[in-house]
Number of protein chains: 2
Amino acid sequence: MLSNTAYVILGLLQKCPLSGYDIKSHVDISTSFFFSASYGQIYPELKRLEKKGLVEGTELATGRRTRTEYAITAAGQAAFDDWLAQPSAGIELRDEGLLKFFFGGGLDRDALLDKLAKLRAARAADLARVHEVGEDLPEIADELQREVLDYGIGLYEYVIGWCDQMTKRLAARPETDFPVDPNPCAKGD
Amino acid sequence: MLSNTAYVILGLLQKCPLSGYDIKSHVDISTSFFFSASYGQIYPELKRLEKKGLVEGTELATGRRTRTEYAITAAGQAAFDDWLAQPSAGIELRDEGLLKFFFGGGLDRDALLDKLAKLRAARAADLARVHEVGEDLPEIADELQREVLDYGIGLYEYVIGWCDQMTKRLAARPETDFPVDPNPCAKGD
DNA sequence: GGCATCATGTAACATGTTACATGATTTT
DNA sequence: AAAATCATGTAACATGTTACATGATGCC
């Protein structure tokens, strides 16, 4: 019944109470490579969860500033445990860079090499970010979470390796030798 | 200005005119692992693109049934080429199975092993689908598209390998030996 | 004083899924 | 004759992003 965002929130609150702001920070650093969320989702979702009795907010005043910390309730924990036991949906991947490469048949070799270089650089930046998370923030990760982080590292390394391989293959061929399908609209034989 | 869905449509139409139904089939088999689209997006988007003069629809009558084939226009090709030259957005990944694993700290070893087995099976099914596309439909793929398919194959193989590794590691340990963070809410040291 | 960060939220917009409705044609 | 596939579409809903608004606190 709840959105995935709701379950991520509940999942994070299992460890300790957090504010909406905290949740966003945690999502950005620890789950961002396989799940992201924006303030526009988090704050309204916290209100909804509170209305349903799955979390409980406490207003804390630090001087004049208010900070609302949400804690998971027993009902919330039960809802989370139930979700955890359900089968998972498939993965969803959206990769605009790969899409452009996929449709890049009309580009010349140099343009393709340029695309590959940018793709590689973007993934290398992603990889660096995951590494940073793993090194600078050991406290956020329990053992499983660290394994998931390693999954992310391996994933990006694979993608970067693919980019390098493709670059080599493309660079090795003569500049204008590019295949154009002679009869793209033929149906079958 | 256009949505990614619009560009995917234009990209597919570069080769030859297609109906909305055809476009959905093509997306399902050739780009589904890094970009998907539903009828609910495709049909309205075709109408919008036609209104903008980027595609042109022709009604064909096969007996009593009508089929509208859309062809890309010069303006459409220009818009597509322009998009191709722009820098790409980052990748977006959503993986519910991984999310559950990430938050699975409270589960016992057997439950985790079960999650892993299901995760692996799902990815193996995905991999099989990509293989099928590559073998059964050689005509859809130009050279670059085949490379992208290989990227997908490698990606799923990596994920499956990770599942196997995790499974071995988990299976090797005594059943109840699981770390519970003694003081999860501590800030810093 | 100025900048970064902490902190909370909303409204408009964009995107995308699902279920439903309808019916023809082709294959088994 | 039944089942699969071809074919088109919409409406309701769910999800998610972006830009904006507001202001406190802590650090250099």
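The shown structure was predicted, so the numbers you read here are calculated from the model rather than taken from an experiment. Throughout, a chain's letter reflects where its sequence line sits, starting with A, and its residues are numbered from 1.
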- Respond yes when some side-chain nitrogen or oxygen of B:Gln41 is under 4.0 Å from OP1 or OP2 of C:dT17, and no when none is. yes

Could you check whether B:Ser19 gets within reach of a base, just the sugar-phosphate, or nothing at all, counting any heavy atom under 4.0 Å? sugar-phosphate

Practice item. Kindly indicate, with the supporting measurements, whether the criterion side chain to side chain donor-acceptor pair (under 3.5 Å) is fulfilled by A:Ser25 and A:Asp28. Key: CA-CA 5 Å; A:Ser25 308; A:Asp28 280 347; over 6 Å; no

Bend of the helix from C:dG1-D:dC28 to C:dT28-D:dA1 from end-axis comparison, five pairs per end, nearest 10°, comes to 40°

Whole-Å distance, B:Met1 CE to C:dT15 C1', equals 16 Å

Note: B:Phe103 and A:Leu12 closest approach over all heavy atoms is CE2-N, 3.7 Å

In whole angstroms, the gap separating C1' of D:dG9 from CD1 of B:Ile23 amounts to 14 Å

Check: Which part of the nucleic acid, if any, lies within reach of A:Lys24 when heavy atoms closer than 4.0 Å are counted: base, sugar-phosphate only, or nothing?
Finding: nothing

Testing C:dT17, D:dG9, D:dT5 for proximity to the side chain of B:Tyr21, the answer is D:dT5

Between CG of B:Asp22 and P of D:dG9 the distance, given in whole Å, is 13 Å

CD of B:Glu45 to CG of B:Leu10, rounded to nearest 0.5 Å, is 8.5 Å

The nucleotide from D:dC6, D:dG9, D:dT17 with an atom nearest the side chain of B:Arg65 is D:dC6

Atom CZ of B:Arg67 and atom P of C:dT26 are separated, to the nearest Å, by 12 Å

Picking from D:dT18, D:dT25, C:dA7, the nucleotide nearest the side-chain atoms of A:Ser38 would be D:dT18

#### Entry: Note: B:Arg146-B:Asp150 ion pair, threshold 4.0 Å (strictly below)
no

Check: Can A:Lys168 and A:Asp164 be counted as an ion pair, charged N to O under 4.0 angstrom?
Finding: no

DNA chain D nearest-nucleotide lookup for A:Gly40 and B:Thr68: closer to the 5′ end is B:Thr68

CG (A:Leu46) and CD (A:Glu69) are apart, to the nearest 0.5 Å, by 12.0 Å

B:Tyr43 OH to D:dA11 P, in whole Å, measures 16 Å

* Within a strict 4.5 Å, meaning less than it, do heavy atoms of the A:Ile91 and B:Tyr156 side chains meet? -> yes

Strictly below 4.0 Å: does A:Thr5 bring a side-chain N or O up to OP1 or OP2 of D:dG16? yes

B:Leu2 CG to C:dT15 P, in whole Å, measures 9 Å

Rounded to whole Å, CD1 of B:Ile42 lies from C1' of D:dG9 at a distance of 12 Å

A:Tyr151-A:Phe34 aromatic ring centre distance below 6.0 Å: no

With the side chain defined as heavy atoms from C-beta on, A:Arg64 is closest, among D:dG9, D:dA7, D:dT25, to D:dT25

Separation of C:dA14 atom C1' from B:Glu92 atom CD, nearest Å, is 12 Å

| task | Respond yes when some side-chain nitrogen or oxygen of A:Tyr39 is under 4.0 Å from OP1 or OP2 of C:dG9, and no when none is. | result | no

